[in-house]
Structure formats: structure tokens, C-alpha cells
Amino acid sequence: MSFSGNAKAELCRAGTGRNCCAAAEAYGVLLYANTFSAAEIKIITGSEEFAQHLPKLWKKAFNLSFDVLPPAENKGKFIFIMNDRAKIEKIFERYGYDARSTLVHHINLGVLENECCCISFIKGAFLAGGSITDPEKRYHLELVTDHMNVSRETYSLLLEMGFRPHDTTRAGHYIIYFKQSEAIEDFFTTIGAVSSAMEIMQTKVEKDMRNTINRKVNCDSANADKIVSAAAAQLDKIRFLDREVGLDNLPADLQELAYLRIANPEASLADLAMLSDPPVSKSGINHRMRKLMAYNPEQ
């Protein structure tokens, strides 16, 4: 199951709460569903848990059942349809709409007077029109509806709840989205998907650790490459001096360094400083190596 599916399953397991919250959650579902009109209500979902949750939600919110249910053996998209005129009018009246004249949907804020109902509305909106990208890949959560005014009013509602969402349009749909992991964590915690929020936090920590390790490995690898490259140049110089003057004819400090480098071809200068007898500082060994590399047997 996808991360988005897991989040919706967690929300459905939490139940519906009080009757007012059930009505608010169903309101979010309707305004973010596939079709919400006087002729038909249609909800399509790929979430099996949401499909199991919907009939119970409708019963608690409206004491109504759907006219068309997905088949019991369904394994793909789950489709719920209500086309009974009397049932649809009852739902419209519950939210202060007139089924005979309502052409453009708005959010009736009178239905969302309590904080718990606002949260339930957002929960319903996510269940019906929400999705989240796998946080292993990137952070992106969005709510999608066909109703421009509903999207704008949901945006304002989220602002009042302390969120700072973004909005856009795509292929005729109106979208509210979050791209910051902390905002998505807060969103899920608020609507009751605490485990999903914790999973995002854990994923972020693991990604940060992997990035830190990768940076360190890359840095260490680059440093190792520099050490190997420098040591190779130093060994070339030492072989040249051995042929031209003989290492035993070098000054004592340079002679010791030359033999140390031959015996430890992959060691860093800091390691050579510790191997010296007596040990010298890193700056001291740097100074000796510069003298050795600049040594001219003709002078």
C-alpha cells in the first residue's frame, strides 16, 4: 500500500467522532468528491479502508445509505453513487443548500462552528480529494477539488487553523498543497493521522543521516584521493633523489622523511609526523616535505 493509502487507512480506523463531526467530515468528502450535484452524488476511491468507512459515515451523518455500492469482490476502484432525489435533497438541506437552485458550491461555515468540526471537514477533504507523495522521495501533500470557491474557502479555513498552504490550478482542478515536511507533519497530527506524521519525521531523520554519511564519505574519499595523489608525487621525487644523490646523502631530517614515505606510501602527512622519531608537529612535517620536494641535488 502507498504512503497515501496508509494515511487514509489510519484516519478511517479512528472512526467519526460526534454526530456534528460526522456531518462535517461527510461535508469535506462531498465537496472534494467526484460529483456533488442535485442529480447525483458519486464518490470514487482506490482506498479499501475508505470504502469500508463511507457507508458507516453516511449512516451516522445523514441516516442514509448509498443507492449503488461497489461489488463485494471489487479489487480496483470503489464507486459509491446516490441518485435518489429525496436523499440528495436531504443532504443539501443538511448543509443549507437548495437542491433546486444551487449551481455553485460554497462552504457553509455555519456547519463548522466548532474546532472539532473544522478538523473533521479537513479530514473528509483529504480522504476524498487528498494525496501525499512518498516522503522517501519528496514532501508534497495536496487537496484537489473541482470547485473554485470551495478551494479558496478551504484555503482560508486552513489559514485560520494556523497553516500556511499554497494553492494552484491544474487541468481545471483547484489545488491546495504543502511542500514542507513540518507543515505536512502538523497537518496529519491535526486531523488524527499521528502515526503517519511520526513516519514522516522518522523518514526525514533517516534521510538526513544518510545525507550526512554520504557527505562525509565523499569528503573522506576526496581527501584520500588527494593524499594518494600527493604521496605519488612525493615518491617520484624520492626515487629521483635516490638515483641522483642517494638518500643517505640527504640531510638527516629529509632522509628520515624519505624513508618514512617509502615505508608508508598511503599515509597522510599527519601520520608521518607521528611516525617520526621523535614525533614532530604537522606543520613541522609539512615544512620538511616542502624542503624535500624542492631539494635540488645540483645546488
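Values in this document were obtained by computation on a predicted structure and should not be read as measured data. Keep in mind that the numbers below use all heavy atoms, side chains included, and drop hydrogens, waters and symmetry copies.
Linking Ile, Leu, Val, Met, Phe, Trp and Tyr residues whenever their side-chain heavy atoms come within less than 4.5 Å places Leu159 and Ile191 in a single cluster. Both Leu235 and Tyr295 belong to a common hydrophobic cluster when Ile, Leu, Val, Met, Phe, Trp and Tyr are linked at side-chain heavy-atom distances under 4.5 angstrom. By the criterion of side-chain heavy atoms lying less than 4.5 angstrom apart, applied directly or through intervening Ile, Leu, Val, Met, Phe, Trp or Tyr residues, Tyr259 is grouped together with Leu257 in one hydrophobic cluster. Put simply, Leu143 and Ile175 are part of two different groups of oily side chains (I, L, V, M, F, W, Y) that touch within less than 4.5 Å, one to the next. Note: the hydrophobic cluster containing Phe240 also contains Ile238 (ILVMFWY, side chain heavy atoms under 4.5 Å, direct or indirect links).
Ala14 approaches Lys123 most closely through the heavy-atom pair CB-NZ, 4.5 Å. In terms of heavy atoms, Val280 sits closest to Ile285 at CG2-CD1, 3.8 Å. Looking at every heavy atom in both residues, Ser196 comes nearest to Ala7 through OG-CA, 3.4 Å. Across every non-hydrogen atom of Leu112 and Tyr27, the tightest pair is CD2-CD2, 4.5 Å. Shown here for Ala258 and Leu250, the closest heavy-atom pair between the two residues is CB-CD1, 4.5 Å. Smallest separation of non-hydrogen atoms from Pro55 and Gln52: CD-O, 3.6 Å.
Taking the side chain as every heavy atom from C-beta outward, Leu275 and Asn264 approach each other to under 4.5 Å. Under the 4.5 Å side-chain criterion, counting only non-hydrogen atoms from C-beta, Ser151 is in contact with Ile176. Contact of the Glu185 side chain with the Lys204 side chain is registered, since non-hydrogen atoms from C-beta on lie closer than 4.5 Å. Side-chain contact check for Tyr174 versus Val150: every heavy-atom pair is 4.5 Å or farther apart. Residues Ile119 and Glu115 meet the side-chain proximity criterion, which asks for heavy atoms closer than 4.5 Å.
Considering OG1 of Thr35 and CZ of Phe80, their distance stands at 14.5 Å, rounded to 0.5 Å. In this structure, the separation between NZ on Lys282 and OG on Ser268 is 7.0 Å, given to the nearest 0.5 Å. Note: Asn149 CG to Ile107 CD1 = 9.5 Å, rounded to the nearest 0.5 Å. Note: Phe50 CZ to Ile43 CD1 = 6.0 Å, rounded to the nearest 0.5 Å. The CZ atom of Arg288 sits 11.0 Å away from atom CG of Leu272, with the distance rounded to the nearest 0.5 Å. How far CG of Leu241 is from CG of Leu292: 6.0 Å, rounded to the nearest 0.5 Å.
Judged purely by atom type and a 3.5 angstrom limit, Asn114 has no side-chain atom pairing as donor or acceptor with the backbone of Cys116. Checked by atom type and distance alone, the side chain of Glu256 pairs as donor or acceptor with a backbone atom of Asp277 at under 3.5 Å. Panel note: side chain Tyr95, backbone Ala23; a donor-acceptor pair is recorded below 3.5 Å. Formation of a donor-acceptor pair under 3.5 Å by the Lys291 side chain with backbone atoms of Leu254 is not found in this model. Remark: the backbone N or O of Ser65 is paired with a side-chain donor or acceptor of Lys87 at under 3.5 angstrom. Within the 3.5 Å criterion, the main-chain N or O of Leu31 finds a donor-acceptor partner in the side chain of Thr145. Under a 3.5 Å cut-off, the side chain of Glu49 and the backbone N or O of Lys8 do not form any donor-acceptor pair. Within the 3.5 Å criterion, the main-chain N or O of Arg261 finds no donor-acceptor partner in the side chain of Gln234.
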Would you tabulate the side-chain donor-acceptor contacts of residues 126-139 under 3.5 Å, counting partners in other chains and residues two or more places apart, or write 'none'?
residue, atom, partner, partner atom, Å
Asp134, OD1, Glu136, N, 2.9
Glu136, OE1, Arg210, NH2, 3.1

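Within a 6.0 Å sphere centred on CD of Glu206, other residues, nucleotides and ligands contribute more than 12 heavy atoms. Heavy atoms of other residues, nucleotides or ligands lying less than 6.0 angstrom from NZ of Lys179 number more than 12. For His166, the NE2 atom sits in a packed shell: over 12 heavy atoms of surrounding residues, nucleotides or ligands are nearer than 6.0 Å. Other residues, nucleotides and ligands place more than 12 heavy atoms under 6.0 Å from the NZ atom of Lys90.
Relative orientation of the Tyr97 and His105 rings is tilted, given thresholds of 30° and 60° on the angle between their planes. Aromatic ring pairs are classed by plane angle as parallel below 30°, tilted from 30° to 60° and perpendicular above 60°; the pair Phe188 and Phe3 is tilted. Aromatic ring orientation, Phe178 versus Phe187: tilted (interplanar angle from 30° to 60°).
If you check the side chains of Thr189 and Asp186, you find no donor sitting under 3.5 Å from an acceptor. Under 3.5 Å, the side chains of Ser281 and Ser283 contain a donor-acceptor pair of N or O atoms. Residues Glu142 and His173 have side chains that never bring a donor and an acceptor to within less than 3.5 angstrom of each other.
Grouped by direct or indirect side-chain proximity (heavy atoms under 4.5 Å, Ile/Leu/Val/Met/Phe/Trp/Tyr only), Val228 sits alone. In the hydrophobic clustering (ILVMFWY side chains linked at under 4.5 Å, chained through shared members), Ile79 is joined by Ile44, Val68, Ile81.
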* To do: In sequence, state the C-alpha distance, the side-chain angles, and the governing distance for Asp242 and Arg239, and then conclude on salt bridge (charged side-chain N to carboxylate O under 4.0 Å, His left out).
  => CA-CA 5 Å; Asp242 191 26; Arg239 293 188 192 99; over 6 Å; no
* Kindly determine whether Phe121 and Thr154 satisfy side-chain contact (heavy atoms from CB on, under 4.5 Å), including the steps that lead there. => CA-CA 9 Å; Phe121 174 85; Thr154 302; 3.9 Å; yes
* Audit row: Thr45, Ser47, side-chain hydrogen bond (donor to acceptor under 3.5 Å, both in side chains) steps and yes/no -> CA-CA 5 Å; Thr45 180; Ser47 168; 4.7 Å; no
* Please test Ile91 against Ile41 for side-chain contact (heavy atoms from CB on, under 4.5 Å), starting from the C-alpha separation and ending with a verdict. => CA-CA 10 Å; Ile91 291 175; Ile41 292 171; 3.8 Å; yes
* **Chi angles and distances behind the side-chain contact (heavy atoms from CB on, under 4.5 Å) call for Glu25, His53** => CA-CA 11 Å; Glu25 181 183 334; His53 176 69; 2.7 Å; yes
* To do: Give the C-alpha distance, both sets of side-chain angles, the deciding distance and a yes or no for ring-ring contact (aromatic ring centres under 6.0 Å, His included) between Tyr155 and Tyr177.
  => CA-CA 10 Å; Tyr155 184 94; Tyr177 66 95; 9.7 Å; no
